[in-house]
Amino acid sequence: MRFASLGSGSRGNALLVEAGNTRVLIDAGFGPREMTRRLARLNLTGEDVDAVLVTHEHADHVGGVFACARRFGWTVLLTHGTLFACRPDRAHERTRIIDSHEAFSVGDLGIQPFPVPHDAREPVQFVMTDGAGRIGVLTDAGHVTPHMVAMLDGCDALVLECNHDAQMLAQGSYPPALKRRVGGPWGHLDNAAAASLLGQLDVLRLRHVIAAHLSEQNNSPMLARAALSAALGCTPDWIGIATQSEGFGWRDSGA
Ligand SMILES: [Zn+2]
Ligand SMILES: [Zn+2]
């Protein structure tokens with residue numbers, strides 16, 4: 001099983017996971033043209049993707065989902081709340097409703113959704129498995145719940161939200177209401193919260209940690225790396241960064 005990001009951040013998200021002959025995207029925050037351009041960096045086309053899992057209805061996650069699904073023939077999997085928040089009339093014959101607690105499979109990939117606290121209707125995140133490895137993905141969560149810790153325990157790879165540095169957010173130029181939303185319990189994880197989550201997990205099998213959904217205004221790769229590496233006791237440059245423009249290239253969950 002391997003995974004790559006096409007881009008990560010408040011201007012668009014898409015994470016690709018591949019096992020055997022199956023390729024699934026988590027979120028599609030880019031329209032068909034931009035999606036095609038970003039997939040081409042991995043030598044793939046839209047038709048090489050089988051399905052898209054949608055975490056929640058915010059535009060940076062769902063913005064390209066329905067247009068890409070129609071264009072490329074993707075199955076769309078999302079919770080009832082997410083579908084209705086993004087208008088049910090956009091559903092098509094390949095739209096499937098998932099339960100936020102119930103595992104399902106797409107081809108060779110097993111997928112365990114789990115609910116997260118975020119200011120959306122029914123947001124979820126996912127743990128993906130090919131039967132051998134586990135990739136845990138978490139973005140867009142305002143705080144860490146015991147259930148999230150249980151779900152992300154014992155993964156081989158983690159893609160973890162490091163949205164902001166609390167001090168940079170407090171001193172930055174966002175209006176007060178936006179600062180409260182982003183830093184609040186239904187907003188986004190800061191570097192310290194992501195590091196604290198990492199410190200609660202069984203990391204014996206962990207081979208990859210990638211900081212994701214970094215704010216371009218209120219964070220820096222250096223600060224995210226410093227927080228996560230301190231929690232693991234590893235060198236900062238071992239922590240990967242998913243960037244807005246590039247995402248990151250293929251990583252093999254077993255290597
Ligand atoms: Zn987001
Ligand atoms: Zn969001």
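Just so you know, ligand 1 is whichever comes first in the structure, and atom 1 is the first atom listed for that ligand.
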Output yes when [X] and [Y] qualify as a salt bridge under the 4.0 Å nitrogen-oxygen rule, no when they do not.
| X | Y | answer |
| --- | --- | --- |
| R205 | D156 | yes |
| R11 | E216 | yes |
| R225 | D237 | no |

* To do: Give me the protein N, O or S atoms that fall under 2.8 Å of the Zn ion (ligand 1), sorted by chain and residue number.
  =>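 Hits for the Zn ion (ligand 1) below 2.8 Å: D60 OD2, H61 NE2, D140 OD2, H213 NE2.
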* Asked: Looking at V124, T82, L83, which hits side-chain contact (heavy atoms from CB on, under 4.5 Å) with V54?
  ->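 Testing each of V124, T82, L83 against V54, the sole residue satisfying side-chain contact (heavy atoms from CB on, under 4.5 Å) is T82.
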* To do: Give every residue pair that meets the ring pair (Phe, Tyr, Trp, His ring centres under 6.0 Å) criterion with at least one member in residues 147-179, sequence neighbours excluded.
  =>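 Applying ring pair (Phe, Tyr, Trp, His ring centres under 6.0 Å) to every pair that reaches into residues 147-179, excluding sequence neighbours, yields H101-H147.
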* **Short side-chain donor-acceptor distance under 3.5 Å, N219 and N191** =>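 A donor-acceptor contact under 3.5 Å links the two side chains.
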